[in-house]
Amino acid sequence: MTARLVHLFFLFFCLLLAPVSSALRIYAPVKVDALPLNLRTDCNEIFIPHGLDHITTPTALPVGFYDSNGAGLAINDLDDDGLLDIVLANLAGDNAVLWNRGDLEFERRALPSETPARAAAIIDVDGDGLPDIVFTQQAAAPLFWRNQGDGTFEKQVLGGVSYIGYAMNWLDADRDGDLDLITGSYDVENEKILGQSAPKSGVVYYENLGGGFRARRIAARSNTLAILVNVNMRGETEVIIGNDFAVEDKYFTFRDGAWQETEPLAVMPHSTMSYDAADLDNDGMPEVFAVDMKPYADDAATLAQWQPVMDMMMAMPHVAGDPQIMENVLYAGSDGQHVNIARAMQLDGTGWSWSAKFGDLDNDGYQDLYVVNGMISVELFSHLPNNELVEENQVYRNLSGAGFARQLDWGLNDRASGRGMSLADMDNDGDLDVVVNNLLSPAKLFENRLCAGSAIEVDLRWNGRGNGAGIGSQLILKTDRGEFRRDVTALSGYLSGESSRVHFGLPAEASPERLSIVWNDGDFSEVTGLYTDMLYTITRD
């Protein structure tokens, strides 16, 4: 049988195994460019902290309840030089771009703002091939900084985007090739700042029409801190709206050109702070992690610090049949059969947690978890010095899909008051570093010097499309040690933009065989002849 016939047979076989909605899936040819990663030799089995030139400051001191929520960050390559840059949001001070000049050296440029910023995203809003910057703002509509292509950004209006938004995400729900926007308001904050007559923006989906956006409200009220976007097995876009203050999380599916609210799960967090999803046991199905507030220790000193807050929460009226619980939730399963396995995985209590994200920190083929912690509030912690609940950030090592264990010797147990956080390879050495936007302390980059295993990193490109980075695409890397899944997302965790560069950690002895890509429009591509410790740029024709 000729090589061409073998290839055609394989494509036909893939179509037979694909979901019903993928029956018309088309093979998309791609061009592959490869660069070797800069592997380290100065390994010391730890993460090295580096201070960054940015401090998120509150609008007033002492820190009040809503300023205590801090701000987010985003990571992506803003100037196409192969190095990932950082954008940091701020409340009272300037937002900032930290241009990556290599060797973990950064050049700061201010992005002034008259309104406190919350979430940050680096995405191509207008489809011109240049990544732009978008911030959500306190009690205001999102702020758009358009990339001018010369290292500068121009503040412009997002046409048609007028509702107040706190959390956001970007997606291509209608699969027309450009990026749409979804936002959720934080109504309790808006009411405090603007009064009880503050507009109830709720959850709003903005369809990208090319020259502007068309708004559709899909929930009238919300206290949204996190929005998770997922593409299900039928190719439909799903979103989960994570709400604070006892407002139940909401679930929506984009079907037949409209958003349909779907049944909530049997259990959910009481005050959802963060959402992320990852395939934790490499079975091809992602698990979903939702973060609440629950101490990670139960000693007397910890409980005494938390006690006034716990008493306040326990005094809240209980509604019969309420699915909300005051702890983290880790959903496993599919097709509505989701089970909460957080306690079984030792992840039900991670502290007063904000951004929590999965990533393979030790390149062993299994995705670990990092969580940033802490709280500063004169209303809640006046019994503590500086009104601050000081906690360590938590890192949990994935035990080959069987559970998680706290990893205390990686040097990631920082005690600054972290809020936004993302994972990305900031020095192109094949492992994930950590960037944290702290409140009232300098932002930090934790350089990964574990030097374990190997890696493959992937940048998707689809030139001439509004969604040129392939947001919403799914990647499966097949190796002789199993298959590994990654999804390309715009934001996750708490107020934090994701790099569109995908990282696969692999055991050192693993040999890659094939990378399968299901693009955001449902078509697919395949790449063979792969090597470890390489960065691949895969461009769709």
Side-chain angles (χ1 to χ4, degrees), residues 65-66 68-72 118-119 136 165-169 182-190 201-203 218-219 221-230 238-252 261-278 286-296 309-310 312-313 316 318-319 322-332 338-343 345 347-358 369-375 380 394 418-421 489 491-496:
F65 191 76
Y66 295 107
S68 64
N69 289 7
R118 290 298 193 184
T136 60
Y166 184 102
M168 67 173 162
N169 217 320
I182 188 167
T183 64
S185 62
Y186 196 41
D187 289 342
V188 291
E189 179 184 62
N190 298 337
S201 297
V203 180
I218 60 176
R221 183 175 174 84
S222 67
N223 285 327
T224 306
L225 296 183
I227 300 175
L228 182 71
V229 176
N230 173 60
E238 301 174 333
V239 298
I240 305 177
I241 308 298
N243 287 313
D244 195 7
F245 286 118
V247 176
E248 291 186 15
D249 294 356
K250 298 289 187 180
Y251 302 78
F252 298 93
E261 186 169 358
T262 53
E263 288 294 321
L265 299 181
V267 61
M268 65 182 69
H270 181 273
S271 300
T272 304
M273 320 285 279
S274 174
Y275 262 111
D276 197 17
E287 284 70 44
V288 175
F289 188 50
V291 167
D292 203 322
M293 302 165 291
K294 180 180 178 180
Y296 53 75
V309 177
M310 301 300 287
M312 179 186 68
M313 291 194 173
M316 296 176 68
H318 178 74
V319 179
D322 187 355
Q324 300 172 107
I325 58 175
M326 295 182 187
E327 58 187 64
N328 300 342
V329 174
L330 178 62
Y331 301 109
H338 292 85
V339 177
N340 177 23
I341 60 171
R343 290 189 181 182
M345 292 287 190
L347 296 179
D348 54 304
T350 54
W352 195 294
S353 302
W354 299 91
S355 198
K357 297 200 178 190
F358 293 107
L369 173 69
Y370 191 55
V371 185
V372 294
N373 285 327
M375 184 61 170
L380 296 177
Q394 300 291 301
R419 297 298 184 268
M421 179 272 295
T489 55
L491 290 95
S492 66
Y494 173 71
L495 304 182
S496 298

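Please read all numbers here as calculations on a predicted model, not as lab measurements.
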For this session: Could you verify whether a donor N or O on one side chain and an acceptor N or O on the other, from Y166 and N69, lie under 3.5 Å apart?
Result: yes

For this session: Verify whether one side chain among N328 and T350 offers a donor that lies under 3.5 Å from an acceptor in the other.
Result: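 Side-chain D/A pair, N328 to T350: present.
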
Between [atom1] on residue [X] and [atom2] on residue [Y], distance to nearest 0.5 Å:
X: M345; Y: N340; atom1: CE; atom2: CG; result: 11.0 Å
X: T224; Y: Y186; atom1: OG1; atom2: OH; result: 10.0 Å
X: S492; Y: N230; atom1: OG; atom2: CG; result: 12.5 Å
X: L491; Y: Y275; atom1: CG; atom2: OH; result: 16.0 Å
X: L369; Y: F358; atom1: CG; atom2: CZ; result: 5.0 Å

Problem set entry | Over 12 non-hydrogen atoms of neighbours within 6.0 angstrom of CZ in R343 | no

For [X] versus [Y], what's the shortest heavy-atom pair and its separation?
X: D348; Y: E327; result: O-CB, 3.4 Å
X: S496; Y: G420; result: OG-CA, 3.3 Å
X: H338; Y: L265; result: ND1-CD2, 3.9 Å
X: A277; Y: V288; result: CB-CG2, 4.1 Å
X: S274; Y: A356; result: OG-N, 3.2 Å
X: S185; Y: G202; result: OG-N, 2.9 Å

Between [Y] and [X], is there a side-chain heavy-atom distance shorter than 4.5 Å?
X: Y251; Y: M268; answer: yes
X: Y296; Y: N373; answer: yes
X: V239; Y: N169; answer: no
X: P264; Y: D249; answer: no
X: I182; Y: V203; answer: yes
X: L380; Y: W352; answer: yes
X: I218; Y: E261; answer: no
X: S201; Y: T183; answer: no

For this session: Evaluate the criterion side chain to side chain contact (heavy atoms under 4.5 Å, CB included) for residue pair N243 and T272; output intermediate values, then yes/no.
Result: CA-CA 5 Å; N243 287 313; T272 304; 5.9 Å; no

Exercise. What class does the angle between the rings of Y494 and W354 fall in, given that below 30° is parallel, 30 to 60° is tilted and above 60° is perpendicular?
Worked result: tilted

Exercise. How are the rings of F65 and F245 set to each other: parallel, tilted or perpendicular (split at 30° and 60°)?
Worked result: tilted

Would you find a donor on one side and an acceptor on the other, under 3.5 Å apart, between the side chain of [X] and the backbone of [Y]?
X: S355; Y: G493; answer: no
X: D292; Y: S271; answer: yes
X: Y331; Y: V267; answer: yes

Exercise. Are M375 and R419 close enough, and set up right, to give a side chain to side chain contact (heavy atoms under 4.5 Å, CB included), and what steps lead you there?
Worked result: CA-CA 9 Å; M375 184 61 170; R419 297 298 184 268; 4.2 Å; yes

Exercise. Given D244 and V188, is the side chain to side chain contact (heavy atoms under 4.5 Å, CB included) satisfied, shown in steps?
Worked result: CA-CA 9 Å; D244 195 7; V188 291; over 6 Å; no

Exercise. Only one of I241, N190, V247 clears side-chain contact (heavy atoms from CB on, under 4.5 Å) with N223; which?
Worked result: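 The side-chain contact (heavy atoms from CB on, under 4.5 Å) with N223 is passed solely by V247 among I241, N190, V247.
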
Problem set entry | K294 and M326: CA distance, side-chain angles, deciding distance, side chain to side chain contact (heavy atoms under 4.5 Å, CB included) verdict | CA-CA 7 Å; K294 180 180 178 180; M326 295 182 187; over 6 Å; no

